[in-house]
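In what follows, a single structure is set out as structure tokens and then discussed.
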Amino acid sequence: MNLKGLLKEKLSEKEMGDFRGSFEIIGNIAILEIPQTLYKKRKLIAEALLRLHKSIETVCMKADERKGKLRLRKIIAIIGRKTETIHTEYGCKFFLDLKKTYFSPRELTERQRIASLVKKGEEVLVMFAGIGPFAIQIAKRQPLVKRIVAVELNKNAFDYMKKNIELNKVQDKIEAIHGDVRKICPKYKNKFNRIVMPLPLHGHDYLDMAINCLKKKGIIHFYSTGHESDPYSETIRLFEKACKKKKAKLKILSKTMALPYAPRVWKVCVDAQLRK
Ligand SMILES: C[S@@+](CC[C@H](N)C(=O)[O-])C[C@H]1O[C@@H](n2cnc3c(N)ncnc32)[C@H](O)[C@@H]1O
């Protein structure tokens, strides 16, 4: 039985209509999406979720959308207070605090897709690295990668990334750097075979920086968003504009609708090789 099924007897027909039954599980913490109309029923809903997932210790709810440069969101505790946990995906362990860092468990397949493309001997830059999930999945999937540089602005996320690198025993492959991509990356001119840019809303502001850091014929994985009716046109336009400015030639290798981002809007990724 699913969560909505468990609540059928306890909520009115109108309340059942308002509640989508959606939640995310990160480690042993569940995060519910509860509409304003059902706020007073949050404890009842959280208890039902605990009956469904016995390993959950904390249940909380999203209080708003992600905001600001660090992409954090407010969380309201319902059962338990702990927001620090260890999440496992594809055999990697990620230690994090969901109040202080960005992490989305739904992006695991996209991270694995990128990791599966990395070849031996490559030097990889992960911009906007968060608690390290792209860098660590890459290091685990391609142990013969030469090195991975992972840059993150949020000091809390950076500290967790350092711990995660140790937890996953990939210290010899990943160098974590705390700071703004714009300040850190100029010293890496023409250094990387591959650059991952997982910042869908403002990533295009950093394309010039990524192009500078890329070796000849290097590959960029550029994330943005697009409406389902035409998911890629705007992303490709931004990518082409930045390449033109830098006199680089863009060869699109693939396009991916990675995840739903908002109603009828997708997080998309365009993978392209650049000739400089
Ligand atoms: C959408 S999250 C992605 C995090 C991580 N790559 C993941 O998949 O979980 C974007 C991250 O970029 C960081 N960030 C935003 N602007 C940045 C900048 N100028 N330089 C470095 N990191 C930045 C934020 O703190 C946040 O952790």
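Not measured: the values here are computed from a predicted model. One is the number of the first residue; the rest follow in order along the sequence.
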Closest contact, heavy atoms only, Leu98 versus Cys60: CD1-SG, 4.4 Å
Does any N or O in the side chain of Ser22 come within less than 3.5 Å of the main-chain N or O of Glu33, such that one atom is a donor and the other an acceptor? no
Which residues pass the ring pair (Phe, Tyr, Trp, His ring centres under 6.0 Å) test with His87, sequence neighbours left out? Phe103
Closest heavy-atom contact between Pro198 and Tyr223? CA-CD1, 3.6 Å
Using ring pair (Phe, Tyr, Trp, His ring centres under 6.0 Å) as the criterion, list what pairs up with Tyr188, not counting sequence neighbours. Phe192
Does atom CZ of Arg182 have more than 12 heavy-atom neighbours from other groups under 6.0 Å away? yes
Note: with side-chain heavy atoms under 4.5 Å as the link, the other cluster members for Ile25 come out as Met1, Leu3, Leu6, Leu7, Leu11, Met16, Phe19, Phe23, Leu32, Ile34, Leu38, Tyr39, Leu44, Ile45, Leu49, Leu50, Leu52, Ile56, Val59, Met61, Ile76, Ile78, Ile79
Check this for me, if you would: do Asp159 and Lys100 make a salt bridge, where the nitrogen-to-carboxylate-oxygen distance has to be below 4.0 angstrom? no
Lys276 side-chain N/O to Leu214 backbone N/O, donor-acceptor pair under 3.5 Å: yes
So do Met209 and Met127 actually touch side chain to side chain, heavy atoms under 4.5 Å? yes
Rounded to the nearest 0.5 Å, the SG atom of Cys185 sits from the CG atom of Asp180 at a distance of 8.5 Å
Please tell me if the side chains of Leu274 and Leu250 come closer than 4.5 Å, counting only heavy atoms from C-beta onward. yes
Should Arg106 and Glu24 count as an ion pair when the cut-off is N to O under 4.0 Å? yes
Would a distance-only check, ignoring hydrogens and angles, find a side-chain to backbone donor-acceptor pair under 3.5 Å from Glu110 to Ala258? no
Keeping the roles fixed (side chain from Glu152, backbone from Gly130), state whether a donor-acceptor pair exists under 3.5 Å. yes
Tell me, please, which residues at least two apart from Glu84 pass salt bridge (charged side-chain N to carboxylate O under 4.0 Å, His left out). none
Any donor-acceptor pair under 3.5 Å from Lys140 side chain to Asn168 backbone: yes
Could you identify which residues cluster with Leu70, counting Ile, Leu, Val, Met, Phe, Trp and Tyr as linked when any side-chain heavy atoms lie under 4.5 Å apart, either directly or through a chain of such contacts? Leu72, Leu153
Does a sphere of radius 6.0 Å around CZ in Arg66 hold more than 12 heavy atoms from other residues, nucleotides or ligands, not counting ones at 6.0 Å or beyond? yes
Apply the test side-chain contact (heavy atoms from CB on, under 4.5 Å) to residues Ile220 and Phe239: give CA-CA distance (whole Å), side-chain angles for both, the deciding distance (0.1 Å), then the verdict. CA-CA 10 Å; Ile220 294 182; Phe239 212 165; 3.8 Å; yes
Indicate if Phe222 and Val181 have the same hydrophobic cluster label, given that clusters are the connected sets of ILVMFWY residues with side-chain heavy-atom separations under 4.5 angstrom. yes
Take atom NZ in Lys255; do more than 12 heavy atoms of anything else shown fall under 6.0 Å from it? no
Any side-chain heavy-atom pair of Thr58 and Thr83 under 4.5 Å: no
For Asn212, what residues pass the side-chain hydrogen bond (donor to acceptor under 3.5 Å, both in side chains) criterion, not counting sequence neighbours? Lys246
Whether the side chain of Arg73 engages the backbone of Glu65 through a donor-acceptor N/O pair (distance < 3.5 Å, no angle test) should be reported. no
Taking ring pair (Phe, Tyr, Trp, His ring centres under 6.0 Å) as the test, write out the residues that go with Phe95, two or more places apart. Tyr160
Remaining members of hydrophobic cluster (4.5 Å side-chain criterion), Leu253: Ile219
Does Thr101 offer a backbone N or O that forms a donor-acceptor pair with the side chain of Asn154 under 3.5 Å? no
Determine whether the side chains of Glu89 and Gln112 contain a donor N or O and an acceptor N or O closer than 3.5 Å. no
Looking at Leu207, Asp208, Ile211, which one forms a side-chain contact (heavy atoms from CB on, under 4.5 Å) with Cys243? Ile211
Contacts satisfying salt bridge (charged side-chain N to carboxylate O under 4.0 Å, His left out) that involve residues 216-236 (not counting sequence neighbours) are Glu234-Arg237
Under the side-chain hydrogen bond (donor to acceptor under 3.5 Å, both in side chains) rule, collect the residues that match up with Lys120, sequence neighbours excluded. none
For His178, check ring pair (Phe, Tyr, Trp, His ring centres under 6.0 Å) against everything at least two apart and list the hits. Phe158
Taking 4.0 angstrom as the limit, do Asp271 and Arg113 come out as a salt bridge? yes
CD (Gln171) and CD (Glu166) are apart, to the nearest 0.5 Å, by 5.5 Å
Establish, from distance only, whether the side-chain atoms of Asn28 and Thr85 form a donor-acceptor pair under 3.5 Å. yes
Is it the case that more than 12 heavy atoms not belonging to Lys93 sit under 6.0 Å from its NZ atom? no
Considering only Ile, Leu, Val, Met, Phe, Trp and Tyr, and joining two whenever side-chain heavy atoms are under 4.5 Å apart, list the other residues clustered with Leu108. Tyr90
Pairwise side-chain contact, Lys69 with His202, heavy-atom cut-off 4.5 Å (strictly under): no
Exactly one of Lys189, Glu123, Glu122 should register a side-chain contact (heavy atoms from CB on, under 4.5 Å) with Lys215. Which one does? Glu123
Nearest heavy-atom approach of Arg111 to Pro105 is NH2-CA, 4.2 Å
